[in-house]
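Data first, discussion second: the structure below is written as structure tokens.
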Amino acid sequence: MTTVKEALHSTAACDSIFLAGWVRTRRDSKAFSFLELNDGSCLKGIQVVADAGIPGYDDITKMTTGASVRVEGKLIPSQGAGQAWEVQAQSLTLVGSADESYPLQKKGHTLEFLRSIAHLRARSNLFGAVFRTRSRMTMAVHEFFQSRGFVNVHTPIITASDCEGAGEMFRVTTLGQGSAAKPEGDFFGKNAYLTVSGQLEAETFACALGKVYTFGPTFRAENSNTSRHAAEFWMIEPEVAFCDLHGDMDLAEAHVKHMVKVMLTDCVEDLEFFSKFVDKELIARLKFVAERPFQRVTYTDAVEILLQSGQQFEYPVEYGANLQSEHERYLTEKHFQCPVTVFNYPKEIKPFYMRLNEDGKTVAAMDLLIPGIGELIGGSQREERLEVLQANMERHGVKEEDYWWYVDLRKYGTVPHAGYGMGFERLLMFVTGVGNIRDVIPYARTPGSAEF
RNA sequence: UCCGGCGUAGCUCAGCGGCAGAGCGGGUGGCUGUUAACCACUAGGUCGUAGGUUCGAUCCCUACCGCCGGAGCCA
């Protein structure tokens, strides 16, 4: 069997071709019909010409939009404008009909409606393109790290650490609802949760294998209702031994650039579709990002830029406070007009594991901000000095006995090391131009929503 | 969770304190190497849910539910 993609890219006619897919639209003449057949292998469908009387033509009225069909025929140059090749069918087989209740119409639908039929939306042009892109970007992540000698580590999904500082956690239990049993009586003998980050475990492997990365699902039980947050998302977390913050920032920028370059070279047809129907500036922006160096600015300088900007912000700019979304947007969209890495944040607003700088006031943290999305990457150099780490834990109210294995890393052959987390869906939003995280993941999990 | 907006036909929306509307999609017929085809006809509604005001509520008020946008949390 040939895919539609292969057929459309054919360099020569072919006497015998087999295709199977779903009907996008049909136009009937008295003596023949046109079927547009799409099989998901690429954005475009192929035009099938079926003369009345060929085997299977009796079912032509049932080959409506959404029906699945097999076609046997010849690949020939098209007589009509609009396509180079078409299939002259010699026989048609109706595999599965789709009656008039099939919800995907030939016309455009809103993203909100398509979310309500997420089990069918991958059959639309946009979502077919999104999920082909998602697949290619998945491979690009592995290519990027594997080509640099990184080892992929599968960190656990279920964890017993209940305060990793990355957000609220989902509880994992086999106890019945309202059970009075103590955690000791639960499956793991203690409270267990879905992971909010594989970082701490990844650090242990970096301190053995050198350069590692994780790429897997991550869960946050935050009651977040935004276009950039999901309760279940995929995160990429590299962790590198003998690496400082600057090496970490170099890696993060190279990572983003690599992903963008793969998008530009390997997803051309889908990218052109996004650029035409989702975001007209997309291709220009991706080329810009692929070619230009990113900006880097310390938190202190960023605050100064914001104070000097003359902009009226809803929230005041203040040293020592977190940068608000509007501040980050100003930096990346207005001031620098390109991706920006902000680094060296005040220690008070960052978690216990980040490395204290020589000034005693800031930590070696960094956020990579991109236009339109905001924070794509958050990372840091990790505190490798035992006494300093212990003091940080004390200050953050983190109990050492809960993290004895993490502390052990600093007792036995400790090394400077650094890493970051990249939200895979946020990256997809950036490279596709799609504005809502719910539309770059097959079945979005958000507060109050776990259908499908 | 907070602020704002929206829930009317399968979809996108208009409407109005007094008989429920359009475009698209669907169905039927016609026509054509067609391209989101075209032409004609046609079916399709508990106006989100529950209360309240009113002679009368899809319309005004309240609560709830859902969705969208923004904020916070973060990736």
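Every chain is numbered from 1, with letters handed out A, B, ... down the list of sequences.
- The six-membered or imidazole ring of A:Tyr353 lies away from that of A:Tyr406, with a centre-to-centre distance of 6.0 Å or more.
- Within the structure, every side-chain polar atom (N or O) of A:Arg24 is placed at least 4.0 Å from both OP1 and OP2 of B:U34.
- Using a 5.5 Å limit on the distance between ring centres and a 30° limit on the angle between planes, the aromatic ring of A:Phe32 does not count as stacked on the six-membered base ring of B:G33.
- For A:Phe113, whose side chain is taken as the heavy atoms from C-beta onward, the closest listed nucleotide among B:A75, B:C68, B:U12 is B:U12.
- Taking the P atoms as reference points, B:U53 lies 43 Å from B:U42, given to the whole Å.
- Listed nucleotides: B:A75, B:C73, B:C11. Nearest to the side chain of A:Arg426: B:A75.
- Scanning for salt bridge (charged side-chain N to carboxylate O under 4.0 Å, His left out) contacts around A:Arg228 gives an empty result, with sequence neighbours left out.
- Taking side-chain N and O atoms only, A:Thr25 has a distance below 4.0 Å to OP1 or OP2 of B:A37.
- Here B:C11 is the nucleotide among B:A71, B:U12, B:C11 with the atom lying nearest to any side-chain atom of A:Gln105.
- Listed candidates were B:C73, B:C67, B:U12. Nearest to the side chain of A:Asn322 is B:C73.
- Under the 6.0 Å cut-off for aromatic ring centres, A:Tyr403 and A:Phe352 qualify, their centroids lying closer than that.
- For A:Arg438, whose side chain is taken as the heavy atoms from C-beta onward, the closest listed nucleotide among B:G33, B:A36, B:C68 is B:C68.
- Side-chain N/O atoms of A:Asn225 include none lying less than 4.0 angstrom from OP1 or OP2 on B:C3.
- Candidate nucleotides B:G10, B:U35, B:G72 were compared by shortest atom distance to the side chain of A:Thr226, and B:G72 ranks first.
- Side chain A:Gln83 to base B:U34: a donor-acceptor pair is found below 3.5 Å.
- An anti orientation is assigned to B:C41, its glycosidic angle lying beyond 90° of 0.
- Between A:Phe343 and A:His246, the ring planes are perpendicular. Angles over 60° get that label, and only those under 30° would be called parallel.
- Nucleotides B:G17 and B:C59, compared at atom P, are 12 Å apart to the nearest Å.
- Between A:Lys107 and B:G10 there is no side-chain polar atom (N or O) within less than 4.0 angstrom of OP1 or OP2.
- With hydrogens and angles ignored, a donor-acceptor pair under 3.5 angstrom links the side chain of A:Ser224 to the base of B:C73.
- Here A:Gln337 pairs with nothing under the side-chain contact (heavy atoms from CB on, under 4.5 Å) rule; sequence neighbours left out.
- Side-chain atoms of A:Glu100 and base atoms of B:G25 include no donor and acceptor less than 3.5 Å apart.
- Put simply, A:Gln324 has a side-chain N or O that comes within less than 4.0 Å of OP1 or OP2 on B:G72.
- Look at the P atom in both B:A37 and B:U1: the space between them is 44 Å, to the nearest Å.
- Between the side chain of A:Arg228 and the base of B:A75, no donor-acceptor pair under 3.5 Å is found.
- Closest-nucleotide positions on RNA chain B for A:Gly82 and A:Ser29 were compared, and the one nearer the 5' end corresponds to A:Ser29.
- Counting non-hydrogen atoms under 4.0 angstrom, A:Tyr315 reaches the backbone sugars and phosphates but no base.
- Contact of A:His229 with B:C74 (side chain to base): a donor-acceptor pair of N or O atoms is detected under 3.5 Å.
- A donor and an acceptor atom sit less than 3.5 Å apart, one in the side chain of A:Glu86 and one in the base of B:G33.
- Judged by Watson-Crick or G-U wobble contacts below 3.5 Å, the nucleotide B:C65 has B:G7 as its partner.
- Annotation: A:Phe215 is not in aromatic contact with A:His154 [ring centroid separation under 6.0 Å not met].
- The shortest distance between the side-chain N/O atoms of A:Arg26 and the OP1/OP2 oxygens of B:A37 is not below 4.0 Å.
- A gap of 23 Å separates the P atoms of B:A50 and B:U12, to the nearest Å.
- The side chain of A:Gln79 approaches B:G33 more closely than any other nucleotide in the set B:G33, B:A75, B:G70.
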